[in-house]
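What follows is one structure encoded as structure tokens, with my remarks underneath.
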Amino acid sequence: MKEVFEMENRKSRIGIMGGTFDPIHVGHLILGEAAYQQFQLQKVWFLPSGNPPHKRNREGRATDEQRVEMVRRAISTNPHFSLSLIEMYEDGYSYTYRTLEQLKEQYPETEFYFIIGADSLFSFDSWREPQRIADACHLVAAVRNQIPSERLDAALQSMSRRYHSSFLKLDTPNLDISSAHLRKMIRNKESVKYFLPDSVIAYIQEQHIYGS
Ligand code: ATP
Ligand code: MG
């Protein structure tokens, strides 16, 4: 038993924060930092997901390049955050199970902690190949949209049983913030200061993203 524990301990642990990041905001950053601390991760990788061609250059949205640049700026002041372009395929959508299986193959000695909000957890069953995702990582979910903590706990327990895998709770306060709401605020010329890093706000203004 002791041996197993030590083996486990030797494995490195990496957090994965996937998202559209249109734009990245403090909710994403706080989740990444909280997971880093709580699960003693070596690093948290931010993986912006690609948009298929028909979803690119949509009115009121950032381009793929702009989303990547916003992530780059947002994480630049945190030495244990880094950017991965592994999900930025030229031809569009990537699938989480494929990304994780690819990472497992590339880094067989690493345990991956996939960080999500409760809204993503509740739709997990309808993701492509959920069992393969659960087999490839620990799922780490944070409360969102004011759902009671007990409801999240119950969901995590039943998912752990269903997928024979670990679904863990990330201890963060409810953070009432979403990219959709921020896009709307920017369009309406409302201040978004402190909802996202100053460097990202400056970039949004320079590039006139979201009708700013
Ligand atoms: P949109 O409003 O465009 O859907 P979003 O704010 O949900 O944007 P995404 O890029 O879709 O951001 O989210 C990436 C991941 O981060 C998802 O798993 C989502 O649940 C989680 N997440 C985003 N914002 C929060 C938040 N405020 N609290 C908890 N989880 C969050
Ligand atoms: Mg979302």
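Counting convention: from 1, in listed order, for ligands and their atoms alike.
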Practice problem: Anything with a heavy atom under 4.0 Å from ligand 1 counts, so go ahead and list those protein residues by chain and number. | Solution: Met17, Gly18, Gly19, Thr20, Phe21, His25, His28, Leu31, Ile116, Gly117, Asp119, Ser120, Val143, Arg144, Leu175, Ile177, Ser178, Ser179, Ala180, Arg183
Practice problem: Please name all residues satisfying side chain to side chain contact (heavy atoms under 4.5 Å, CB included) with Ser179, sequence neighbours left out, ordered by chain then number. | Solution: Pro23, His25, His28, Arg183
Self-check item: ring pair (Phe, Tyr, Trp, His ring centres under 6.0 Å) between Phe81 and Tyr36, intermediate numbers included
Solution: CA-CA 9 Å; Phe81 282 178; Tyr36 171 79; 7.5 Å; no
Self-check item: Partners meeting salt bridge (Lys or Arg N to Asp or Glu O under 4.0 Å) with Lys193 (sequence neighbours left out)
Solution: Asp198
Practice problem: Quick one: do Phe122 and Trp127 satisfy ring pair (Phe, Tyr, Trp, His ring centres under 6.0 Å)? Show the steps, please. | Solution: CA-CA 10 Å; Phe122 291 133; Trp127 291 19; over 10 Å; no
Quiz item: Can you name the residues that form a side chain to side chain contact (heavy atoms under 4.5 Å, CB included) with Glu101, not counting sequence neighbours?
Solution: Tyr97, Arg132
Quiz item: Short question: side chain of Ser49, backbone of Glu87 - any donor-acceptor pair under 3.5 Å?
Solution: no
